[in-house]
Amino acid sequence: MITIKNEREIELMKHAGMLVSKMHKFIKPYIKAGVTTNELDKLCHDFIIKNGAVPSCLGYEGYPNTLCTSVNDTVVHGIPNNTKLKDGDIITIDVVIGYKGYQGDAAWTYTVGEVTEDKKYLMEHTEKALYEGIKMVKPGNRIGDISNAVETYARGHNLGIVKELCGHGIGTDMHEDPDIPNYGPKGVGPRLKEGMVICIEPMLNYGGDDIYILDDDWTVKTLDGKPSAHFEHTVLVTKDGYEILTPRLDD
Ligand code: MF3
Ligand code: CO
């Protein structure tokens, strides 16, 4: 069931989304060679608590941390650990924050020091693929229109598409209907309506589409070892278009 949020719920989701944006802005200066992903996780955990909110990934289906920290060939759901980041890495920070029961969710990929042109290309075009998807958000359009826009952009830039994972509706639960694949035909799937809130989240690879999952049952990696990027926003369907509830405050 796809939920439609009323005005009060939308206010709470805006608040949750803004906390997600603020947390990303807060953590960005710490993303440097020498820091561990555990340290980033702890900083973000404390930031969320101080803001009277809930780190929703922590304990979700047994997930052990506040953040997902996915480095280089890790696509998503990288578990924070004591490995130090090094110059040339890229790292996706993905977080879900709950405020008075309503969730906000955003991921973006950051550089550590100077990274290769390949990684810059991957990041730039993964973020642009997200915006191509977001541009399709308006009442009357269908989920497939988003999926197809992301796929067309990604393939047009020769990037691999992770097909096993998709975007999703969001509200009191971090994952609600509908699923939002990052590929597929346009003109199919549920129609968007004012008051729906969805997360669009292309996960694109510099190499092929294929992935595998580590024995920890969380960490998703590219099969060919090539880097992967992930950009995600929580987006409200408005009367005539959309509003991004997790705006970037960091650039
Ligand atoms: N932001 C992720 C998503 O879009 C959060 C899931 S991680 C989990 O699904 F640990 F909470 F499962
Ligand atoms: Co999400």
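When a ligand or atom number is given, it counts from 1 through the structure's own listing order.
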Does the distance from a Lys or Arg side-chain N to an Asp or Glu carboxylate O, for Glu124 and Lys128, drop under 4.0 Å? yes
Under a 3.5 Å threshold, yes or no: a donor from one side chain and an acceptor from the other, between Tyr206 and His125? no
Numbered in order shown, the ligand 1 atoms found under 4.0 Å of a heavy atom of His168 are 3 (C), 4 (O), 9 (O)
Do the ring centers of His233 and Trp108 come within less than 6.0 Å of each other? yes
Those atoms of ligand 1 less than 4.0 Å from some heavy atom in Tyr60: 8 (C), 11 (F), 12 (F)
Enumerated ligand 1 atoms positioned under 4.0 Å from heavy atoms of Val96: 1 (N), 5 (C)
Just which atoms of ligand 1 are under 4.0 Å from any heavy atom in Met174? 11 (F)
Sort by chain and number the protein N/O/S atoms found under 2.8 Å from the Co ion (ligand 2). Asp105 OD2, His168 NE2, Glu201 OE2, Glu232 OE2
Identify the closest protein heavy atom to atom 11 (F) of ligand 1: which residue and atom is it, and at what distance? Cys57 SG, 3.2 Å
Looking only at protein heavy atoms, what sits closest to atom 9 (O) of ligand 1 is His175 NE2, 2.5 Å
Suppose we measure from atom 6 (C) of ligand 1 to each protein heavy atom; which comes out shortest, and what is that distance? His77 NE2, 3.8 Å
Out of all atoms in ligand 1, which are within 4.0 Å of some heavy atom of Glu201? Include the element for each. 3 (C), 4 (O)
Trp218 N/O to ligand 1 N/O under 3.5 Å: no
Per-atom contacts, ligand 1 versus Glu232 - under 4.0 Å to a heavy atom: 1 (N), 4 (O)
Using a strict 4.0 Å cut-off to heavy atoms of Tyr63, name the atoms of ligand 1 that fall inside it. 10 (F)
Worked verdict on His15 versus Tyr102 for ring pair (Phe, Tyr, Trp, His ring centres under 6.0 Å): CA-CA 9 Å; His15 193 102; Tyr102 287 83; over 10 Å; no
Which class fits the ring pair Phe47 and Phe26: parallel under 30°, tilted 30 to 60°, perpendicular over 60°? parallel
Is the count of non-hydrogen atoms from other residues, nucleotides or ligands lying under 6.0 Å from Lys163 atom NZ greater than 12? yes
Neighbour count >12 (heavy atoms, 6.0 Å) for atom NZ, Lys120: yes
Any salt bridge linking Asp46 with Lys50? Criterion: basic side-chain nitrogen under 4.0 Å from a carboxylate oxygen. no
If only side-chain N and O atoms count, and only distance matters, is there a donor-acceptor pair under 3.5 Å linking Glu194 with Thr238? no
Under 3.5 Å, is there a donor-acceptor pair linking the side chains of Thr83 and Asn81? yes
Pair Glu127 + Arg248, salt bridge at N-O below 4.0 Å: yes
Can a salt bridge be assigned to the pair Lys86 and Asp89 using a cut-off of 4.0 Å between side-chain N and carboxylate O? yes
Counting from 1 in the order shown, the ligand 1 atoms closer than 4.0 Å to a non-hydrogen atom of Asp94 are 1 (N), 2 (C)
Can Cys68 be said to touch ligand 1, with heavy atoms closer than 4.0 Å? yes
